[in-house]
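To start, the structure under review is shown below, and the notes come after it.
Bear in mind the structure is a predicted one, so any value in this text is a computation, not a measurement.
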Amino acid sequence: HRDLVTALLILHARTSNRDADSATAIRLRTWHDLSVAEIAHRRGSTDRDVFRLFAHDYAELNSLLVEHFRITALREV
């Protein structure tokens with residue numbers, strides 16, 4: 001499933017600079033198991049800002065899954 005998530009994050013990152021930032025934060029959390037606090041520190045932001053990134057992009061990531069991979073929910077990954 002790592003390859004699928006990587007492909008999903010690449011698609012997501014191509015959408016905008018903000019989405020690229022979000023994809024990086026998701027990679028740090030998922031692949032490097034960094035805490036939200038550490039991700040926020042690296043971004044120069046707050047924990048709340050990182051949580052907002054994740055929450056905001058959940059629907060967009062689901063849409064990309066359906067459109068490009070025919071998967072209907074992130075929990076199926």
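- By the 6.0 Å contact criterion, CZ on Phe69 is enclosed, its count of non-hydrogen atoms from other residues, nucleotides or ligands being greater than 12.
- Between Thr6 and Trp31, the shortest heavy-atom contact is OG1-CZ2, 3.8 Å.
- Each of Ile71 and Val66 belongs to its own hydrophobic cluster when Ile, Leu, Val, Met, Phe, Trp and Tyr are linked at side-chain heavy-atom distances under 4.5 angstrom.
- Expressed to the nearest 0.5 Å, how far CG of Leu4 lies from CG of Leu9 amounts to 9.5 Å.
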Practice task
Applying side-chain contact (heavy atoms from CB on, under 4.5 Å), run through Ile26 and Leu61 and close with a yes or a no.
Solution key: CA-CA 11 Å; Ile26 292 168; Leu61 290 167; 3.8 Å; yes
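- For the atom pair OG1 of Thr15 and CG of Asp57, the computed distance is 9.0 Å after rounding to the nearest 0.5 Å.
- Minimum interatomic distance between Val50 and Ser45 (heavy atoms only, all atoms of both residues): CG2-OG, 4.0 Å.
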Problem - Criterion side-chain contact (heavy atoms from CB on, under 4.5 Å) on Leu11 and Glu67, from CA distance to verdict - result: CA-CA 11 Å; Leu11 285 170; Glu67 181 181 347; over 6 Å; no
Practice task
Determine, stepwise, if the pair Leu34 / Arg42 fulfils side-chain contact (heavy atoms from CB on, under 4.5 Å).
Solution key: CA-CA 10 Å; Leu34 293 184; Arg42 288 179 179 213; 3.6 Å; yes
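- Proximity of Val5 to Arg27: side-chain heavy atoms (C-beta onward) are nowhere separated by under 4.5 Å.
- Minimum interatomic distance between Leu53 and Ala25 (heavy atoms only, all atoms of both residues): CD1-CB, 4.2 Å.
- Atom CG of Asp47 is separated from atom NE2 of His41 by 11.5 Å, given to the nearest 0.5 angstrom.
- Under the 4.5 Å side-chain heavy-atom criterion for ILVMFWY residues, no single connected hydrophobic cluster contains both Ile10 and Tyr58.
- Between His56 and Arg18 the shortest heavy-atom distance is ND1-NH2, 3.3 Å.
- A pairwise comparison of heavy atoms in Ser22 and His12 identifies OG-NE2, 3.6 Å as the closest pair.
- Atom CD1 of Ile39 and atom NE2 of His32 lie 10.0 Å apart (nearest 0.5 Å).
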